[in-house]
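Below is one structure, written out as structure tokens; the observations come after it.
All figures in this text were calculated on a predicted structure; none of them were measured in a lab. Only heavy atoms go into these numbers, but all of them, side chains included; no hydrogens, no water, no symmetry mates. By convention in this document, chain letters (A, B, ...) are assigned in the order of the sequence lines, proteins followed by strands, and residues within each chain are numbered from 1.
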Amino acid sequence: MSKTASELAPFARNANAWPFEEAKKLVARVERTGQKQVLFETGYGPSGLPHIGTFGEVARTTMVRHAFETLTEGRIATRLIAFSDDLDGLRKVPDNIPNKELVAAHLGKPLTKVPDPFGEYNSFGEHNNARLRAFLDAFGFQYEFASATHYYQSGRFDATLLKMLARYDAVQNIMLPSLRAERASSYAPFLPIHPRSGIVMQVPLEEIDSSRGLVAWRDPDTGERFETPVTGGHCKLQWKPDWAMRWCALGVDYEMAGKDLIDSVKLSSEIARALDGTPPEGFNYELFLDENGQKISKSRGNGLTIQEWLRYASPESLAFFMYWKPREAKKLYFDVIPKAVDEYLAFLDAYPRQEWKLRLGNPAWHIHAGDPPPPEFIAHEGEAKGNPAGEAKSSPAGEAKSSPAGEAKRMAISFAMLLNLAAVANSEDPSVLWGFLRRYAPGASPEKFPRLDRMIRYAVVYFRDFVRPKKVYRAADEVERQALEKLSGALAALPANPSAEEVQTLLYDVARPIPRYQNFAAKGAAPEKPGVSNDWFSMLYQVLLGEARGPRFGSFIALYGVDNARTLIADALAGKFLADATK
RNA sequence: GAGCGCGUAGCUCAGCCGGUAGAGCAUUUGACUUUUAAUCAAAGGGUCCUGGGUUCGAGUCCCAGCGCGCUCACCA
């Protein structure tokens, strides 16, 4: 299944999947500079609890990183740092925290100086950092964490900070034209941290003394004058200069950013050049939109949270969503989940059959760092082939016949199909869905198909939250009511655990004497034994399941359980579903 | 105003390095289970936004235009 690095590299050089296109920019950079290491960066703002965009940025950056390693056959070391801007001043109290008043008393201070409202860490900043790391760790991302506070205070930025002070005018010449006159008059790239209050000050600078490495400013309240070194964590930088300084000080080679930051990247890049640095490679991905085409924002709470996605589908499907068309504005809301799941599965399914050229363009390759798991599929007719883990692995791409001769027809179960099944079965019980699947492939089981089992569990949750509320039930009229009551009674009289056939026969027998459902044109119908029309079954679906169509009803009841079915009938007749529908 | 993106079947979209327009859903028809879900088979349906250009050949590349959407221009 796998190829050695040197065998893979030629394919990688011809690959045009976007992570490779990005990685090629880095290869060119490395060839230009002769550097032996490449540094990737992703950054996190101070408001910073991890969210779906955080996942996307790290996942995408990781894909580029892996593509780069493939291109260079692992000869160039790579690192990814997750940089937290925890020295930024806290601008407002977040809504979603306890002890707001405790935090409010520290507005304006660096996050690492604000007490932790959750009482778990030394500071709010450290709390957020811990959350970020836990989040990234949960997905198994490989990264090194970096704290702005720590980096500033350790002196790691000092040399670059001093350089920026020396190039103060150049930086201002870049920044000022981008600002409105009003803001420009007071703008300074250095934000001194007030030696007494600890607040990150946004004040005009009275003096720039690069020989002594400090800036002079005045407290706007008291008028007191202070001189503050730009080094050692006594000054924070404004955002765009900060970004530039960090790139230069750390030697960042790659950082991607959303399209809303295009102008910022441009300005920061200019500043980086003014510091004799080379801005990183990178690209601008599109923002996600909500169902109405609006930008997703944490404050507005529109769109989809990562927790919500993961309630309905796997992390891999989310990674697929992030891989797919990063430059196009995509809507991110519940409806896209089933499609993302199914497309991911389709790519996973195709992977073993593909040649390497195609494999390197297959999202599954990028999502799984070059080693996608084998697809699961169940087989029709009698024996389901178990999961072909070994089988798929041992069959090389080029010669992979779709299936050995005589093997039953294989079928990948899609999320859409499971949702359909859940809808018609009206069930949140995974074992009911498994029951339906076993009718198709008797050998199938959760043990043999763990991923399918997981998907079924996701599907029933999705069904419960999104599909079931859309069901349209109708009320039974008098004839229908009597028929259903009769059916319920007849079901009760059946022996325990009836077969699907028995129930199906019962259904016909119950309907046969009812004039509305008689059909003399039916196959095998006779005057003394009328056939049963479709209307009977249609009524069952509409009244009991809220669907226009449904499963073979005898099979359904046999799987669903006679008692459950009788409860279903009772509830329907009691108008329970109607009441729910009008809510 | 600037930047980014989009415009292909009724709907949602795919179309990689130019080579006879595709899928899913929807619609219609058929197969199968005592007629009904899933599944399978088939059919209908397109001025690829418009106009130029390059080319033997353009949905695809280039230019211009039209329409739509988003982002930025205060802070990160």
Does [N] have a Watson-Crick or wobble mate here (both distances under 3.5 Å), and if so which one?
N	result
B:U60	none
B:U12	B:A23
B:C68	B:G5
B:U54	none
B:G44	none
B:A38	none

Say you pick atom [atom1] in [N] and the same atom in [M]; how far apart are they, in whole Å?
N	M	atom1	result
B:C11	B:U27	P	15 Å
B:G7	B:U60	C1'	14 Å
B:G15	B:C70	P	24 Å
B:G67	B:U50	C1'	10 Å
B:C25	B:A9	C1'	12 Å
B:A58	B:U47	C1'	15 Å
B:C13	B:C17	C1'	23 Å
B:G46	B:G10	P	7 Å

Which nucleotide sits closest to the side chain of A:Thr505: B:U34, B:C75, B:U71?
-> B:U34
Nearest of B:U34, B:C74, B:A76 to any side-chain atom of A:Arg180?
-> B:C74
[X] [atom1] to [N] [atom2]: how many Å, rounded?
X	N	atom1	atom2	value
A:Glu343	B:G24	CD	C1'	9 Å
A:Asp85	B:C75	CG	P	15 Å
A:Met175	B:C75	CE	C1'	11 Å
A:Lys92	B:C74	NZ	P	19 Å
A:Arg246	B:A76	CZ	P	12 Å
A:Lys330	B:U71	NZ	P	17 Å
A:Leu507	B:A37	CG	P	15 Å
A:Phe283	B:U71	CZ	P	19 Å

Could you classify B:C17 for me, syn or anti, using a glycosidic angle within 90° of 0 as syn?
-> syn
Tabulated below should be each protein N or O lying under 3.5 Å from an N or O of nucleotides 2-8 of chain B; please produce it.
residue: B:G3; atom: N2; partner: A:Lys259; partner atom: NZ; Å: 3.4
residue: B:C4; atom: O2; partner: A:Lys259; partner atom: NZ; Å: 3.2

A:Leu540 near the nucleic acid: base, sugar-phosphate alone, or nothing, with a heavy-atom cut-off under 4.0 Å?
-> nothing
Map A:Tyr187 and A:Lys339 onto RNA chain B by nearest heavy atom, then report which one ends up closer to the 5' terminus.
-> A:Lys339
With nearest nucleotides of RNA chain B determined for A:Ser264 and A:Glu21 from heavy-atom distances, which residue corresponds to the more 5′ nucleotide?
-> A:Glu21
A:Tyr458: what forms a side-chain hydrogen bond (donor to acceptor under 3.5 Å, both in side chains) with it, not counting sequence neighbours?
-> none
Evaluate the ring planes of A:Trp356 and A:Tyr351, with Trp represented by its six-membered ring, and classify them as parallel (under 30°), tilted (30 to 60°) or perpendicular (over 60°).
-> perpendicular
Between A:Trp324 and A:Phe347, how do the two ring planes meet: parallel, tilted or perpendicular, split at 30° and 60°?
-> tilted
Sequence neighbours excluded, which residues qualify as side chain to side chain contact (heavy atoms under 4.5 Å, CB included) partners of [X]?
X	value
A:Gln202	A:Arg183, A:Leu191, A:Gln238
A:Thr505	A:Asp509
A:Asp342	A:Leu345, A:Ser414, A:Phe415, A:Ala416

For B:C75, take OP1 and OP2 only and decide whether either is under 4.0 Å from a side-chain N or O of A:Arg183.
-> yes
Any donor-acceptor pair under 3.5 Å from A:Lys330 side chain to A:Phe321 backbone | yes
Under the salt bridge (Lys or Arg N to Asp or Glu O under 4.0 Å) rule, collect the residues that match up with A:Lys109, sequence neighbours excluded.
-> none
Identify whether a stacking contact exists between A:Tyr508 and B:U34, where the ring centres must be under 5.5 Å apart and the planes under 30° apart.
-> yes
Considering the options A:Thr149, A:Leu111, A:Asn129, which one meets the side-chain contact (heavy atoms from CB on, under 4.5 Å) requirement together with A:Ser84?
-> A:Asn129
